[in-house]
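Written out below as structure tokens is the structure these notes cover.
In what follows, every heavy atom counts, from backbone to side chain, and hydrogens, waters and symmetry copies are set aside.
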Amino acid sequence: MAARQMLKAVLVDLSGTLHIEDTAIPGAQEALKRLREAPVVLRFVTNTTKECKKTLLDRLRKLEFDIKEEEIFTSLTAARNLLEQNNVRPMLLVDDSALQDFQGIATHSPNAVVIGLAPEHFNYETMNKAFRLALDGAPIIAIHKARYYKKKDGLALGPGPFVTGLEYATDTKATVVGKPEKTFFLEALRGTGCNPEEAIMIGDENTEQEMKVK
């Protein structure tokens with residue numbers, strides 16, 4: 001029997017696991033306090049694209065979660081890293097509150113399409129602009145492809161259906177950077193000194209749904 005690896009890191013999903021919008025999951029603060037007592041490194045990972053990391057951190061702190069900014073790794077960060085690596089200028093189909101995480105990224109004359117959760121921008125004119133860019137060869141970068149996510153009043157469409165629509169219309173495949181992509185988790189673990197086999201993931205049923213998409 002192979003030797004059992006010692007657990008050194010825990011990746012914790014945020015939305016649906018610790019909180020839903022501005023409401024904490026019952027017992028989540030106490031569970032996190034107990035987890036802090038364990039000899040493990042914590043990283044908080046999320047596909048949330050509705051807001052920048054600073055706004056997300058402020059939300060979590062108002063809910064009395066003991067979380068440091070450097071412990072959070074978001075799919076917005078993963079998308080920005082890819083844009084910088086590929087040196088492309090994106091059309092950013094993200095919520096306005098998420099734009100802060102892309103400050104300094106050139107967006108004039110876009111030659112790539114980045115699509116996250118952007119309910120205010122999912123209209124025909126904007127989607128058609130993204131469609132034409134992709135037809136001209138611009139890569140489609142999906143921050144994630146979740147089919148839905150939780151709101152306080154029930155489930156809501158995620159960016160996945162809109163990404164899939166662009167893929168179908170342009171006969172191309174998007175590059176997905178968020179959960180459940182392997183590269184997302186490897187980047188989240190970077191700097192922890194831990195190997196993937198020394199880490200576990202804690203999430204909700206939406207995390208399971210994301211894994212099924214993969």
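Pairing each heavy atom of Gly116 with each of Pro159, the nearest pair is O-CB, 3.3 Å. Residues Cys194 and Ala9 come closest through the heavy atom pair SG-CB, 3.7 Å. The shortest heavy-atom contact between Leu63 and Glu21 is CD1-O, 4.2 Å. Of all non-hydrogen atoms in Gln100 and Cys52, the two that sit nearest each other are OE1-SG, 3.8 Å. Across all their heavy atoms, Lys179 and Val45 have their closest contact at CD-CG2, 4.1 Å. Scanning both residues, Leu7 and Glu198, for their nearest heavy atoms gives CD1-O, 3.5 Å.
Linking ILVMFWY residues whenever their side-chain heavy atoms come closer than 4.5 Å, directly or via other members, places Leu60 and Val10 in the same cluster. Placement of Leu186 and Leu42 in two distinct hydrophobic clusters is found when ILVMFWY residues are connected by side-chain heavy-atom separations under 4.5 Å, directly or transitively. Residues Phe122 and Ile141 do not share a hydrophobic cluster, clusters being chains of Ile/Leu/Val/Met/Phe/Trp/Tyr side chains in contact below 4.5 Å. Ile115 is not connected to Ile105 by any chain of hydrophobic side-chain contacts under 4.5 Å among Ile, Leu, Val, Met, Phe, Trp and Tyr, and they are in different clusters. A continuous path of hydrophobic side-chain contacts links Leu76 to Leu83 [ILVMFWY only; heavy atoms under 4.5 Å].
Annotation: side-chain hydrogen bond (donor to acceptor under 3.5 Å, both in side chains) contacts of Asn123 (sequence neighbours excluded): Thr126. The side-chain hydrogen bond (donor to acceptor under 3.5 Å, both in side chains) check on Arg34 picks up nothing, with sequence neighbours excluded. In this view, Ser97 and Asp95 satisfy the side-chain hydrogen bond (donor to acceptor under 3.5 Å, both in side chains) rule, not counting sequence neighbours.
Not a single donor-acceptor pair under 3.5 Å links the side chain of Arg59 to the backbone N or O of Glu51. Counting only distance, with no hydrogens or angles, the side chain of Asp101 and the backbone of Lys53 share a donor-acceptor pair below 3.5 Å. Without hydrogens or angle criteria, Arg89 side chain to His108 main chain gives a donor-acceptor distance under 3.5 Å. A donor-acceptor contact shorter than 3.5 Å is absent between the side chain of Arg43 and the backbone of Phe185.
Atom NZ of Lys8 has 12 or fewer heavy atoms from other residues, nucleotides or ligands within 6.0 Å. Environment of CG in Asp171: sparse, with no more than 12 heavy atoms of neighbouring residues, nucleotides or ligands closer than 6.0 Å. For Glu120, the CD atom is loosely surrounded, since the number of other residues' heavy atoms within 6.0 Å does not exceed 12.
Counting heavy atoms from C-beta outward, Val114 and Ile143 have side chains that approach closer than 4.5 Å. Here the side chains of Thr77 and Ile72 are not in contact, with every heavy-atom distance at 4.5 Å or above. Residues Leu32 and Ile67 form a side-chain contact, since some pair of their non-hydrogen atoms from C-beta on lies under 4.5 Å apart. Taking 4.5 Å as the limit, every side-chain heavy atom of Thr17 sits out of range of all side-chain heavy atoms of Ile25. The side-chain heavy atoms of Leu56 and His19, taken from C-beta on, include a pair separated by under 4.5 Å.
Between Phe73 and Phe184, the ring planes lie tilted relative to each other; the angle falls in the 30° to 60° range.
Salt bridge absent: Arg132 and Asp136 never bring a charged side-chain N and a carboxylate O closer than 4.0 Å.
For the atom pair OG of Ser109 and CG of Leu133, the computed distance is 10.0 Å after rounding to the nearest 0.5 Å. Within the model, atoms NZ of Lys152 and CD1 of Ile20 stand 10.0 Å from one another, a figure rounded to the nearest 0.5 Å. Note: Arg80 CZ to Leu92 CG = 10.0 Å, rounded to the nearest 0.5 Å. Interatomic distance, OG1 of Thr49 versus NE2 of His144, reported as 4.5 Å (0.5 Å rounding). Considering OG1 of Thr107 and CE of Met91, their distance stands at 11.0 Å, rounded to 0.5 Å. With rounding to the nearest 0.5 angstrom, the CD atom of Glu69 is 13.5 Å from the CZ atom of Phe44.
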Steps toward side chain to side chain contact (heavy atoms under 4.5 Å, CB included) verdict (Met127, Leu93): CA-CA 9 Å; Met127 294 298 291; Leu93 259 174; 4.0 Å; yes
Verdict with supporting geometry, Leu189 and Leu11, side chain to side chain contact (heavy atoms under 4.5 Å, CB included): CA-CA 8 Å; Leu189 285 173; Leu11 304 180; 3.9 Å; yes
Verdict with supporting geometry, Lys33 and Glu30, side chain to side chain contact (heavy atoms under 4.5 Å, CB included): CA-CA 5 Å; Lys33 288 177 183 177; Glu30 182 59 32; 4.0 Å; yes
Check against salt bridge (Lys or Arg N to Asp or Glu O under 4.0 Å), Asp58 and Lys54: CA-CA 6 Å; Asp58 289 344; Lys54 182 182 182 303; 3.3 Å; yes
